[in-house]
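Shown next, in structure tokens, is the structure this report addresses.
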Amino acid sequence: MLDKQQGARLANLWDDAKAAGMSEAERLLYRSNLLGSDKRITNYGGGNTSAKVMEKDPLTGETAEVLWVKGSGGDVGTIKMDGFATLYMDKLRALKGIYRGVEFEDEMVGYLPHCTFNLNPRAASIDTPLHAYVPKVHVDHMHPDAIIAVAASKNSKELTKKIFGDEIGWLPWKRPGYELGLWLEKYCLENPKARGVVLESHGLFTWGDTARQAYETTIEIINRAIAWFEAENTAPAFGGEAKPVLAASERVAIAKKLMPVIRGLISAEEKKVGHFDDSKAVLDFVTSTNLEPLAALGTSCPDHFLRTKIRPLVVDFDPAQPDVEKTLAGLPEAIAAYRADYALYYERCKRADSPAMRDPNAVVYLVLGVGMITFAKDKATARISGEFYVNAINVMRGASGVSTYVGLPEQEAFDIEYWLLEEAKLQRIPKPKSLAGRIALVTGGAGGIGKATAARLMQEGACVVLADIDETALENAQNELATRYGKDFVRSVNMNVTSEAAVETGFGDALLAFGGLDILVSNAGLASSAAIEDTTLALWNQNIDILATGYFLVSREAFRIFRNQKAGGNVVFVASKNGLAASPGASAYCTAKAAEIHLARCLALEGASAQIRVNVVNPDAVLRGSKIWSGEWKEQRAAAYKMDVDDLEAHYRERSMLKLSVFPEDIAEAIYFLASDMSAKSTGNIVNVDAGNAQSFTR
Ligand SMILES: [Zn+2]
């Protein structure tokens with residue numbers, strides 16, 4: 001991605017040497033990826049590209065004209081070859097014969113699969129007719145902030161003419177679909193010299209005879225708009241600064257307090273994950289004079305408000321006289337008011353066949369002087385929603401600086417939000433996983449059981465914060481899990497669980513990363529072995545510090561968050577068989593493990609009225625992947641049993657009732673059970689995962 005520091009102009013990244021050996025379809029892919037690599041050219045998932053290519057028909061062997069166009073649901077920046085739909089142009093043209101008029105345009109979507117070339121399984125998008133009917137070989141449709149700023153200005157037609165003369169035309173707002181495709185065709189036929197067209201409240205179409213020409217036209221046109229705004233939009237942004245910006249550390253501290261409380265208030269139906277953004281673009285907006293009136297107008301480009309809801313919630317906070325407690329106290333009412341307002345909007349605009357009202361909670365929360373918080377069903381969606389609102393801020397900045405910014409009319413916005421074709425897309429999304437939207441913190445997260453647990457929870461859709469004292473192992477674990485489950489799902493914090501300050505900081509960082517907490521897995525540990533007369537005070541204290549005090553400190557912090565968040569909570573302790581069964585030569589370890597188990601029972605009792613569950617998993621002899629079992633402890637145990645270290649695993653297996661080895665994944669499975677709703681009615685329990693050991697039967 002281009003860095004804004006390099007200057008406001010988009011660079012022409014076309015490389016003929018690279019493009020030379022490519023097929024026409026490959027050049028389309030190359031151009032698409034170049035365009036999508038810069039958010040100023042188009043937002044994530046927004047816009048599409050196409051090329052009309054002569055191909056050999058696999059059925060007849062004859063040459064056929066084929067439209068290659070970005071398929072449904074893709075992103076031009078990351079699209080691959082299989083992301084394009086391919087359709088026969090002659091069949092697409094034949095559709096005109098069965099078109100019954102604009103009130104029936106949605107039914108045309110059902111005919112697109114009949115035009116598929118070469119059995120391509122990629123579904124064609126709603127924008128397909130827009131590309132098909134522009135009578136040009138290469139067509140780009142982008143959502144550039146600088147162009148939408150023109151498109152969302154009150155006098156956008158006049159501005160388009162002023163900036164681009166006759167080179168770029170203008171079409172009034174029209175929801176994307178079959179009819180808009182016909183409008184574009186008509187425009188091109190009547191204006192053969194035009195190089196593109198601005199769509200009111202929406203974006204840009206540009207075209208060319210070659211892939212390179214189309215790409216360069218798109219870049220040139222956007223650059224011209226950027227340059228024009230640079231010259232014309234010289235007044236202070238959004239009416240100038242009205243409120244001070246708080247220092248970075250204060251902004252973060254306030255976000256950490258607000259996020260779990262907001263999350264608790266909006267997660268009744270579905271758990272949400274949060275994202276915080278205090279970039280300059282956001283801060284300019286949330287300190288400005290015109291923040292409230294502009295925010296109330298709502299976003300313009302349909303892509304923007306589908307992600308951000310029609311308007312944000314402006315949180316009542318005064319950075320000139322910061323009083324977070326007052327803001328927190330006012331949140332329930334502000335959020336309820338937003339929901340009521342959304343329900344009224346739904347009632348005002350709904351049609352006979354509209355889908356049922358969706359989640360009425362705000363997605364975007366603007367905090368004066370602090371920044372922007374977004375909440376969605378998962379981290380990636382929350383992050384992307386934030387990016388979209390930054391796009392919307394850029395648009396408002398441009399439009400309100402040179403003209404009057406206009407949002408999309410409410411009914412038009414509603415018709416897109418509750419479009420039956422959009423609803424059909426939502427219905428196709430697979431059911432959420434069992435831990436979708438849940439946020440977990442796992443101590444000892446870089447070790448064997450910790451990492452296996454994180455993986456198990458992430459596999460079920462949870463976001464996980466790995467907490468560990470071993471920096472290198474932590475980094476490796478985070479990278480490994482990010483590769484397996486996606487980087488939006490995992491963060492790491494350096495945490496010494498015996499330090500009150502470190503625990504507080506680590507949990508705070510977790511809140512900032514994901515917006516809240518649902519699950520604590522307290523697992524950080526060590527093991528030691530010594531006869532009682534050889535147990536030094538230091539060794540005794542070390543066991544008590546890490547195992548008993550460490551579990552206390554992280555639980556206390558989790559409880560504090562759970563109580564603020566008011567959405568229940570879940571704690572799982574990884575204790576040990578030795579917490580129930582005495583073992584020779586390990587009194588410090590066994591005693592501390594017993595303390596953990598009893599602490600869990602006390603907390604189960606205390607947390608129940610707030611729907612906080614606390615349970616224990618007791619592993620035994622999990623050697624593989626364990627940091628505890630590397631080095632001294634392993635040797636000490638082997639010595640105690642008078643055997644070779646390599647024979648330990650077999651020894652433990654044979655000792656167990658079921659004659660099975662216990663692996664980190666087995667412990668993780670039990671933790672997942674206790675952390676999930678499968679065990680919704682269990683608290684204060686112990687699950688032994690030790691392949692059977694009569695000594696540790698609970699009683
Ligand atoms: Zn569009």
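Each ligand, and each atom within it, is numbered from 1 in the order the structure gives.
- Phe414 does not carry Lys350 over the face of its six-membered ring by the limits of under 6.0 Å from the centre and within 45° of the normal.
- By the salt bridge (Lys or Arg N to Asp or Glu O under 4.0 Å) test, Glu417 pairs with no residue at all, sequence neighbours left out.
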Pair Trp68-Ser50, side chain to side chain donor-acceptor pair (under 3.5 Å): steps then yes or no: CA-CA 5 Å; Trp68 284 70; Ser50 70; over 6 Å; no

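- Under the 6.0 Å distance and 45° angle rule, Arg307 counts as a cation-pi partner of Phe388.
- For Asp16, the salt bridge (Lys or Arg N to Asp or Glu O under 4.0 Å) criterion is met by Arg212, not counting sequence neighbours.
- When the side chain to side chain contact (heavy atoms under 4.5 Å, CB included) test is applied to Asp166, the partners found at least two apart in sequence or on another chain are Lys161.
- Protein N/O/S atoms found under 2.8 Å from the Zn ion (ligand 1): His141 NE2, His143 NE2, His202 NE2.
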